[in-house]
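The structure appears right after this line, and notes come after that.
Since this is a predicted model, take the numbers as computed values, not measurements. When a ligand or atom number is given, it counts from 1 through the structure's own listing order. These numbers come from the heavy atoms of this one structure, side chains and all, not from hydrogens, waters or symmetry mates.
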Amino acid sequence: MSGMQREVTFRFLAQPTDVNFGGKVHGGMVMKWIDQAGYAGAVGWSGAYCVTVAVGGIQFVQPILIGDLVTVHAKLIHTGTSSMHFAVDVLARDLTHGKERLATSCVIVFVALDGPDGKPTPVPAWEPKDDGDRTLQEYAQRLIELSKRMEQEVAQYRPPLRHEDVGG
Ligand SMILES: CCCCCCCCCCCCCCCC(=O)SCCNC(=O)CCNC(=O)[C@H](O)C(C)(C)COP(=O)(O)OP(=O)(O)OC[C@H]1O[C@@H](n2cnc3c(N)ncnc32)[C@H](O)[C@@H]1OP(=O)(O)O
């Protein structure tokens, strides 16, 4: 039921196909897991088809190795009209030693659409319940501001796209 499921957790083992030549999981693979967990959270919250629009504050803190137990935890921390902002932590645990460590964290933003090729559609509003929630919501809002400033910065240096550049 939409508006009821705030958190999603994926848990699996890091496999040889996930790692680079140095034996560490590719950053791109970690981002794929983040995208998938965020997508599951966004669809679970909104009950609609969702697309990724932004990722902010991503930090690769520690590597993930083959055989580590990986936990990807996505938690809704802010909703706009059609957007849902999830704080995602990726944790890794060497099963032989048992200690879990933070590998990667970020905030990922999804927008609910009224169909796979549709337009943004409203999502159920989420309200913070305690000070911890309020702190996370403020963090999401600060990242939106930073993202807008970054877009303005990038726009100054990106040449305008021509019609033929986009395959039209
Ligand atoms: C039925 C099929 C089943 C399939 C099931 C199988 C799938 C099983 C595997 C799934 C695995 C995972 C999948 C992941 C999902 C993808 O990876 S989707 C692919 C990557 N993403 C895209 O292609 C999206 C491309 N972007 C777009 O199409 C357009 O930007 C959008 C999202 C339609 C928005 O259009 P727009 O005209 O910019 O709309 P606008 O009203 O201005 O903004 C909408 C909202 O986005 C927010 N926004 C826009 N830009 C930003 C930004 N940079 N930062 C923050 N917020 C932003 C706005 O603030 C606004 O928020 P609200 O105020 O409504 O809360």
Ligand-residue contact atoms, ligand 1 with [X], heavy atoms, under 4.0 Å:
X	answer
Ser147	52 (C), 53 (N), 54 (N)
Ser83	61 (O), 62 (P), 64 (O), 65 (O)
Ala54	52 (C), 53 (N), 54 (N)
Glu151	53 (N)
Thr81	62 (P), 63 (O), 64 (O), 65 (O)
Val111	45 (C), 46 (O)

I need the nearest protein heavy-atom contact for [atom]: residue, atom name and distance, please.
atom	value
atom 31 (C) of ligand 1	Val53 CG1, 4.4 Å
atom 24 (C) of ligand 1	Thr52 O, 3.5 Å
atom 10 (C) of ligand 1	Tyr39 CD2, 3.6 Å
atom 35 (O) of ligand 1	Pro120 CG, 4.2 Å
atom 64 (O) of ligand 1	Ser82 OG, 2.6 Å
atom 14 (C) of ligand 1	Asp35 OD2, 3.4 Å

Checklist outcome for this item: The option among Val109, Val43, Leu146 carrying the non-hydrogen atom nearest to atom 55 (C) of ligand 1 is Val109
Next on the checklist: Under 4.0 Å and counting heavy atoms only, is there anything from the protein next to atom 61 (O) of ligand 1?
Outcome noted: yes
Next on the checklist: For Trp33 and Phe12, I'd like to know if the aromatic rings sit close, meaning centre-to-centre distance below 6.0 Å.
Outcome noted: yes
Item to check | More than 12 heavy atoms from other groups under 6.0 Å of CZ on Arg134 | outcome: yes
Item to check | Asp35/Lys32 ion pair, N-O < 4.0 Å | outcome: no
